[in-house]
Amino acid sequence: MQSNLKYLQRIPLFYDLPEEQLQEIARLVLERSYTKGRIIFMEGEPGEALFLLKSGLIKLTKRLEDGREHILHFVNPGEVFAEVVLFEGGNYPATAEVQEDAVVGVLRNQDIERLISHNPSMAVGMLRIMSRRLRTAQEKVMNLALHDTARRLAFTLIKMAEEHGVKEARGTLINLSLTNQELANMTGSSRETINRMLNSFKRAGAIDMDRQQIYLLDKGKLENLLR
């Protein structure tokens, strides 16, 4: 339980709660381990639980009408995912796939609902998180709708550097091993187009690449594309 409490204290959804409430939640957390490539839940399956990532990396994706995969978000340790099913029930709106071996805490809807009925502040915290997720989703929609491929890719690289960046002497390492196809899935483009755009950004001195790793060298050059 102490391990669960440590993770709950780092999650915005819970960290403002009194410790006795956190301890009550911690007792309800079920721990599960997943290996790389495993599916935690599929889009369309009944939504039965909220998940918190303790270690590893999770990819959230949605299947488009034409069959292509669109990457919605990469979940980092300490983040909550699938929280949307807590309030509206229904099915999971996306698929959660393990990118790196992961340890996940699971809180069942029925247990959370009981806690919320006695702790209104918990519901407020959840609404704040969902509001931030909605804002991010809206930014992505606007990015896809209004920008050409170069601008969409520049926007995506900047956001990933903010969310997954590691400062190094060489530049800011985007600490995700992404293929060009995955970048294409995130930007609504093709692998060939992404390859051309990355090489163009590299020639301009905005980024550098080493296998599947990308370094952001000059954020300003990418931001200029968004103006």
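The shown structure was predicted, so the numbers you read here are calculated from the model rather than taken from an experiment. The first residue in the sequence is number 1, and the count goes up from there.
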Does any part of the side chain of [Y], heavy atoms only, come nearer than 4.5 Å to the side chain of [X], both counted from C-beta?
X    : Y    : answer
L52  : N4   : no
D210 : R170 : yes
T61  : E97  : no
E79  : I58  : no
K59  : I71  : yes
L198 : L183 : yes
L57  : N76  : yes

Provide the full list of salt bridge (Lys or Arg N to Asp or Glu O under 4.0 Å) pairs with a residue in [range], sequence neighbours left out, each pair given once.
range            : value
residues 104-115 : E24-R114, R108-D111
residues 38-48   : E43-K62
residues 186-197 : none

Distance (rounded to the nearest 0.5 Å) between [X] [atom1] and [Y] [atom2]:
X    : Y    : atom1 : atom2 : value
R32  : L30  : CZ    : CG    : 6.0 Å
N199 : M209 : CG    : CE    : 4.5 Å
E223 : R151 : CD    : CZ    : 14.0 Å
H70  : T187 : NE2   : OG1   : 9.0 Å
K219 : L222 : NZ    : CG    : 9.5 Å
K159 : M186 : NZ    : CE    : 11.0 Å

Holding to side-chain contact (heavy atoms from CB on, under 4.5 Å), I want the full list of residues that pass it with T172, two or more places apart in sequence or in another chain.
A161, K167, L216
Hits for side-chain contact (heavy atoms from CB on, under 4.5 Å) against A184, two or more places apart or cross-chain, chain-then-number order -> Q181, I194
Name all residues meeting the side-chain hydrogen bond (donor to acceptor under 3.5 Å, both in side chains) criterion together with E162; count only those two or more places apart in sequence or in a different chain, and write none if there are none.
none
Are [X] and [Y] joined in one hydrophobic group, where the rule is that I, L, V, M, F, W and Y side chains link up if heavy atoms are under 4.5 Å apart?
X    : Y    : value
F81  : V106 : yes
I214 : L173 : no
V103 : L60  : no
L217 : I174 : no

Sequence neighbours excluded - ring-ring contact (aromatic ring centres under 6.0 Å, His included) pairs with any residue from residues 167-189
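Of all non-adjacent pairs touching residues 167-189, none passes ring-ring contact (aromatic ring centres under 6.0 Å, His included).
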Which pairs pass ring-ring contact (aromatic ring centres under 6.0 Å, His included) with one or both residues in residues 164-216, sequence neighbours excluded?
none
List, by chain and then residue number, the residues other than M42 in its hydrophobic cluster (Ile/Leu/Val/Met/Phe/Trp/Tyr, side-chain heavy atoms under 4.5 Å); write none if there are no others.
I39
L64: which other cluster members, linking ILVMFWY side chains closer than 4.5 Å, directly or transitively?
none
Any donor-acceptor pair under 3.5 Å from D101 side chain to K36 backbone
yes
Would you say the side-chain atoms of N109 pair up with the backbone N or O of A49, donor to acceptor, closer than 3.5 Å?
yes
Considering all heavy atoms, the nearest L176-M160 contact
CD1-SD, 4.2 Å
So which atom in K54 and which in P77 form the shortest heavy-atom distance, rounded to 0.1 Å?
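Residues K54 and P77, closest heavy atoms: O-CB, 3.6 Å.
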Residues in ring-ring contact (aromatic ring centres under 6.0 Å, His included) contact with Y92, at least two apart in sequence or another chain:
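Residues passing ring-ring contact (aromatic ring centres under 6.0 Å, His included) with Y92: F41.
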For Y34, which residues count as a ring-ring contact (aromatic ring centres under 6.0 Å, His included) partner, sequence neighbours excluded?
none
Test applied, side-chain contact (heavy atoms from CB on, under 4.5 Å); reference residue, V104; option that passes from V98, L53, V75
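Exactly one pass, corresponding to L53.
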